[in-house]
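Contents: one structure, followed by commentary.
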Amino acid sequence: MYGTTAAPPLQPALETCTQGHRSTLILPTAEGGSICLLCLSSLLSNPKSPTVHVSYALSQLSQALDQPQFFRDLLAFHSHFLVSPLVAVLSNFDDEPIAKQSIDLIQVLCDGSRSICNGNQNLHNDFVARVSDCLSSGSLAWSRRQLYMLHCFGVVLDNPDSNLYTCIRDKDALIFNLVTGLQLSNDEIQGEIMFVLYRLSLLHYSYMDGCGADALLVYCPKLLQISLNILMKSQSDDVRLNCLAFLTVLAQRGFFQNAYLNHAESTDSFEAERFMQMTEDVINGPSLEILFAEAVKGPLLSSDSQVQIATLDLIFKYLSSENVSHKECQVLIEENIADYAFEILRLSGSKDSIVNSSIHVLHLLSNSEQAFIQRLAIGFSTLVPVLRYVTEIPFHPVQCQLLNLISKCVLNCPGIVSTCIVEEISSILAGMFKKHIAGEIGILPETFTLSCSILVAMMNCSSSRGNLSFAASIKDASTTAVSICFGDNHFNTDQILHFLYLIKEAYAYGQEDEIPVSSKVGLRFCIIDICKMQILPWFTAVINDIQEEAIALGVIETFHSILLDSNVGAKDFAERLVLSSWFSELFGCLGLFPVAKMKQSVYVIFSSIVDILLGTDSGQPIRDAALHLPTDPTDLLFLLGQKSSHNLELFACQSAVLLVLYVSSLYNDRFADEKLILSSLEQFILLNSGDFFCGASASVTIELLVNLYGYYRGFAKMRYQMPYSPEAERILFQLLEEKDWDSLSTKIHLTSLMWLFQQEKLCKLLCNQILKFCRCNSSVGNDMVLVKETKQTVDLHVFADLITSRDNFVAVIFVCLLGDLVENPCRDYDIIAVLEACTEIVEIAPAASDQFCIHGIDGVLENIYNFSASSSPKMFMCTSQLVFSILKSVQSQSLSINEAWVGITVKLINYLIMAMESDGWTEEVLTIIGTLSLILHHSTTEAVTEASKIVVLNVPLISIINSTIFEACSKAQALFDHDEETRTGEALIFVLLLIFFSLRRYFSVQTILPGIVDLKLSIDEGIAMQPLSYLSIHCRDLCKMIHFGSTQVKLIASFCLSELFMGLQDYAIRKAVDLKFRDGYLLSISSVLEGLIFFGDVRVALNCSRCLSALMTWEQLKVESVLAERYGWCRLIVEELVMSLSVPTLTKSLMIHHKPAANVAVALLKHSKGSSWMTKVFDDSSIGNIIQNLSADNLTTELVTLFRELLCSGLLNSTHVADLTRVFQACRNRVYTDETQDHIRENDMEINVGDNQDYVGRVRTFLIGLVSSQSNPDSESSQIRKKRLLEEIELFTRCLMEEDEA
């Protein structure tokens, strides 16, 4: 049969075997031997063959099959020869190793036939037929050989080809024998039968494809009961797996639901009847539901996760059948199957397959809520870590089911949800939303909606109350969820509705007392921001594309829930709504969805907006009339055109319409044509005027009507083409004269307010309203409100804007009101209230002072002084403050030339003198000094000239000033301690300010009072100086105050000295007089001035440098002698200048502080030409370093002047000139480039008066700023400074040309 020794290579192949069989049945092997298939078949088929021979033959065949050529030849020529022998081995020999060898060979042959024979299944089919015949015959009688045959059958059936089912000849007998064998108590046989039934059922159902009779159904329900008993009793995981697999197929085919149904085909089956008789003892067992529950418990407790998963899958198939009832679910729950699933889930370690199967089962069990909820509460804590795992995987298959379970538990058992669980779940869901926005994971719409529902449910749990961590997670979830819902053009209705419900509940949760408004979470304000910044813009953009009413209603109801709150955020939100044309948008909604629910929601939210904006219950008329109001805005206006006499319902509707129009107009939301609205209002006035006169209308309606009418009349005036009814206007004005009304106490649009104050006929009525306003705002409050483009208050800022616009009677009304109050007996506080209002208006809008003066407020102020001088010090002070505010702001040409300012000045000086005698330097006295300073300031332009004469020549005033100066100078070094914080120092500063303005206006005084003022007296150096008969000061006193005084005293005294020297220099030139001084006197003055050249306040240093330069320019003085005596100090000044300018990097501060020394250097260069030390200081190297540091950014007028004098002195060489020319050209280009920007910036320049100071401090600061702007070139506008710079550069260029020509 088979030669164990290989034949020699050249020896020819044997033609026969030892038994003489023909060569065609002999196949050679690769080793040189051969196998006779007939001999092999005879050996295997003979039950009496020695098992050793059989085992050896099978092993040799197995080795030969590993050889490709042998295997290919066998399948090509003798593929079916070994089918019967190999199957016979299983039935002939009760030997497990031999059976295993045979089964392995059968599997190899079947697999090889598919691969080598191009998918030919004939050999495989033959094996299936042979094995099935053996099993169908029952000849083996459930011996060990039957077990081998079952295993072999399972192997050959483990193939997806459904055609294998056709190879089974006697299917009924086979199934009968298999089902009968299940009743044996042998685990191995039961396991093998279960696997065969599992594979057989798969092939059966795949082949039948739902058509024909179900061969297994005839054995139902006994087959199920037997299988479940096997599953319940078996301890083998292999048997359990096979049993679970078979039961899963039966569950998929609905066997459990049809277990007790009698099918027609089962009644004719002999095998089924025989089986029923044989298994009759099984009928009396437990019910199928209980048996199923008991059967799956063991596998659920298995240590093999594969068994657990298969069991869970079986339960899932069992519960997911079409006809499953709550009874099956309830039985499983009562038998603790849910507890088993929770425990498996807890121990799963987040293995995906176990998680999927467990959650699927728990989800189906949850359908029986009443029975399941308690189990869910017990296992709820197990779901939380699983939730974290599931949410980290995009589109996880059990996300929705898990979230559904969590939602049911939170809703039904809120007490079981602890604080830690609330925080963890909310954090997980918020994180999931964030990852979705970041593009890390995806979220199904159902996942999103369930997440929102869970967050809402947890807000209602007691464990979440006051939990800031949970509130923060809600805030994060809301912030990201809004992007999920509204992030693109395609929106999901269900998602949007759940999100709106989430933020609605989140806002309510944030209102609870446990969540303080001051907490860092800011949940309420976050929700309001989401509504304002994202939902509102989205809604207004897509409102015309919304197809579902539910979305619009959801948005409206969500917004309304916020508006029901009374906090500041809700009010701001209401204003944002109306600024976004909310009324127009909702009327558009009514057009799209004209249903009763939508109409009710729209008008209710309108009423809530009115409540917030106008006050509590202001929107009640809208709520009362909501059912009767139409949905079309045109129909609303039609209601106004009806006569409402004796028709309370119509009148209520008209009041509601007026409210809607009023609030919408406040924010420029015109939801109907302006002409139509104005016409409707006029019709309302014409038809219902009688009701107003009879008092039938509520007072609030009058204010609304006035404000509305004024708004649309003002709007019509801007359009120029909108007609109006003069008769309606006349009736309205008549109504206003007879009724008590106050538009300033309600919200009013600026357009309406402007129109009211443009009506001359209403001036008298508006006087009373302004008086009420001033009474309410006597401390400049904000009680009345106005809406412009955004929320504003009807405060003095509004009146200031109206006055400066000029196209109205506001200024006239204020002046007339003030005059009427003075002329007619009234209470003092009324006058004071109006005075305070006028003062504040001028402070807000300085241009308003011109309008007040143009309309004669000076005369009214004089009358008030006459009225209040003795009766009311408070009124006198308020009047003085108004006078000061007007004088500091008014243009001089606006001041009248009548005697009113003379009377005011006399009253002020008289009050000052009396106050000084009794109380000294009080705040009132200092304020009057400031006012007199401004009178002198305006006198230069020939305004208030007569008043200025009184100031300059008033003897008692001059005496007070002189005594104050004398007292200050007598303090010597102690004067430094008397700064602006002391009364003496403050008084001295005001006196010096008054003197400055008197000196500043010297030439005007000379014109007005020729021959009276002699500046030479101011510089008298005699010991017994002649007292001045006019308002001025001696030079020596100024030098003392510059030397000994505090910083501010030094500053004002230096300004005064500078003005005195400039005036004296001009006086000397104009009068051609000789100024003769003692050298020692001049030396003392110059010593004081030189010592302050490097003073910290550059303004003081500049003033001193100008005075020192003036001393050097007087040719009559022997300057050379002065320079000789002060040589060292002057050289030090110049050397310090050169050293600082030679620093490689010139800072902005340094470029400012060099100016005083530069002025001194220029004066020295002019008057000490040829000085040897000057040449040494300004050598070529130093000048070169200075020029190298110059640029277009840091070049100043003083430096150009210095270089011009250096050029004239011959200290510049050609290199210096060339470098300077480049710098000057760059500076010219820079000036021309920045001209426009500087012009814009200069328009906004103002004198800073210091808001944190008291009133006298602000007056002092303003006057010092005015002095600086008048005398200091650095305070000039940028345009003037650049003009002076260009002029100085031009002078340098001319000097250079003259030098070249010379």
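Residue numbers count from 1 along this sequence.
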Would you find a donor on one side and an acceptor on the other, under 3.5 Å apart, between the side chain of [X] and the backbone of [Y]?
{"X": "Ser1058", "Y": "Phe1055", "result": "no"}
{"X": "Asn1185", "Y": "Ser1181", "result": "yes"}
{"X": "Ser939", "Y": "Glu942", "result": "no"}
{"X": "Asn1194", "Y": "Asn1189", "result": "yes"}
{"X": "Ser889", "Y": "Ile886", "result": "no"}
{"X": "Lys1166", "Y": "Glu1205", "result": "no"}
{"X": "Lys1040", "Y": "Cys969", "result": "no"}
{"X": "Thr964", "Y": "Ile960", "result": "yes"}
{"X": "His1216", "Y": "Asn1213", "result": "yes"}
{"X": "Asp1037", "Y": "Ile1033", "result": "no"}

Requested in this report: Apply the test side-chain contact (heavy atoms from CB on, under 4.5 Å) to residues Leu988 and Thr984: give CA-CA distance (whole Å), side-chain angles for both, the deciding distance (0.1 Å), then the verdict.
Outcome: CA-CA 6 Å; Leu988 180 59; Thr984 302; 5.6 Å; no

Query raised in the report: side-chain contact (heavy atoms from CB on, under 4.5 Å) with Met916: which of Thr922, Val925, Ile928, Leu957?
Result: Val925

Query - Residue from Val944, Leu932, Ile958 passing side-chain contact (heavy atoms from CB on, under 4.5 Å) with Val951 - result: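 Among Val944, Leu932, Ile958, the one that satisfies the side-chain contact (heavy atoms from CB on, under 4.5 Å) with Val951 is Leu932.
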
Would you name the heavy atoms of [X] and [Y] that are closest together and state the gap between them?
{"X": "Ser892", "Y": "Thr941", "result": "CB-OG1, 3.0 Å"}
{"X": "Ala947", "Y": "Trp901", "result": "CB-O, 3.9 Å"}
{"X": "Leu895", "Y": "Ala943", "result": "CD1-CB, 4.2 Å"}
{"X": "Leu1202", "Y": "Ala1161", "result": "CD1-CB, 3.9 Å"}
{"X": "Cys1227", "Y": "Ile1289", "result": "SG-CD1, 4.2 Å"}
{"X": "Leu1057", "Y": "Cys1039", "result": "CD2-SG, 4.3 Å"}

To the nearest 0.5 Å, what is the distance between [atom1] ([X]) and [atom2] ([Y])?
{"X": "Thr1221", "Y": "Leu1296", "atom1": "OG1", "atom2": "CG", "value": "6.0 Å"}
{"X": "Leu1141", "Y": "Glu1136", "atom1": "CG", "atom2": "CD", "value": "10.0 Å"}
{"X": "Lys1050", "Y": "Ile1052", "atom1": "NZ", "atom2": "CD1", "value": "13.0 Å"}
{"X": "Thr931", "Y": "Ile904", "atom1": "OG1", "atom2": "CD1", "value": "10.0 Å"}
{"X": "Ser933", "Y": "Leu887", "atom1": "OG", "atom2": "CG", "value": "10.5 Å"}
{"X": "Ser880", "Y": "Glu923", "atom1": "OG", "atom2": "CD", "value": "12.5 Å"}

Side-chain heavy-atom pair [X], [Y] within 4.5 angstrom cut-off:
{"X": "Cys1107", "Y": "Leu1111", "result": "no"}
{"X": "Lys1155", "Y": "Val1098", "result": "no"}
{"X": "Leu975", "Y": "Ser1046", "result": "no"}
{"X": "Val1223", "Y": "Ser1191", "result": "no"}
{"X": "Thr927", "Y": "Glu924", "result": "no"}
{"X": "Leu1165", "Y": "Met1174", "result": "yes"}
{"X": "Ser1054", "Y": "Arg1099", "result": "no"}
{"X": "Leu934", "Y": "Leu1266", "result": "yes"}

**Report entry** Worked check of side chain to side chain donor-acceptor pair (under 3.5 Å) between Asp1179 and Ser1182
**Finding:** CA-CA 5 Å; Asp1179 58 5; Ser1182 298; 2.6 Å; yes

Query raised in the report: Crowded around Phe966 CZ? As in, over 12 foreign heavy atoms under 6.0 Å?
Result: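 Atom CZ in Phe966 is not crowded, with 12 or fewer foreign heavy atoms closer than 6.0 Å.
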
Query raised in the report: Near Phe976 CZ, under 6.0 Å, is it more than 12 heavy atoms from other residues, nucleotides or ligands?
Result: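 For Phe976, atom CZ is not crowded (no more than 12 foreign heavy atoms under 6.0 Å).
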
Requested in this report: List the steps and the verdict of side-chain contact (heavy atoms from CB on, under 4.5 Å) for Arg1000 and Thr940.
Outcome: CA-CA 9 Å; Arg1000 182 74 176 170; Thr940 78; 5.5 Å; no

Report task. Output, in order, the C-alpha distance, side-chain angles, deciding distance and verdict of side chain to side chain donor-acceptor pair (under 3.5 Å) for Thr1196 and His1154. Result -> CA-CA 10 Å; Thr1196 64; His1154 81 275; 3.3 Å; yes

Query raised in the report: With a 6.0 Å cut-off on ring centres, are Phe1292 and Phe1224 close enough?
Result: yes

**Report entry** Pairing residues for Glu981 by the side chain to side chain contact (heavy atoms under 4.5 Å, CB included) criterion, not counting sequence neighbours
**Finding:** Asp979

**Report entry** Sole candidate of Glu1198, Glu1288, Glu1287 that passes salt bridge (charged side-chain N to carboxylate O under 4.0 Å, His left out) when paired with Arg1204
**Finding:**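 So, applying the salt bridge (charged side-chain N to carboxylate O under 4.0 Å, His left out) to Arg1204 and each of Glu1198, Glu1288, Glu1287, only Glu1288 qualifies.
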
Requested in this report: Please determine if Glu843 and Lys888 form a salt bridge, counting it only when a charged side-chain N lies under 4.0 Å from a carboxylate O.
Outcome: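 Looking at Glu843 and Lys888, the cut-off is met.
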
Query raised in the report: Are Glu986 and Arg983 close enough for a salt bridge, meaning some N to O gap below 4.0 Å?
Result: yes

Requested in this report: Please test Ile995 against Phe990 for side-chain contact (heavy atoms from CB on, under 4.5 Å), starting from the C-alpha separation and ending with a verdict.
Outcome: CA-CA 9 Å; Ile995 291 174; Phe990 272 90; over 6 Å; no

Report task. Start with the C-alpha gap between Val991 and Phe996, add the side-chain angles, then the distance that decides, and say whether side-chain contact (heavy atoms from CB on, under 4.5 Å) holds. Result -> CA-CA 9 Å; Val991 167; Phe996 169 82; over 6 Å; no

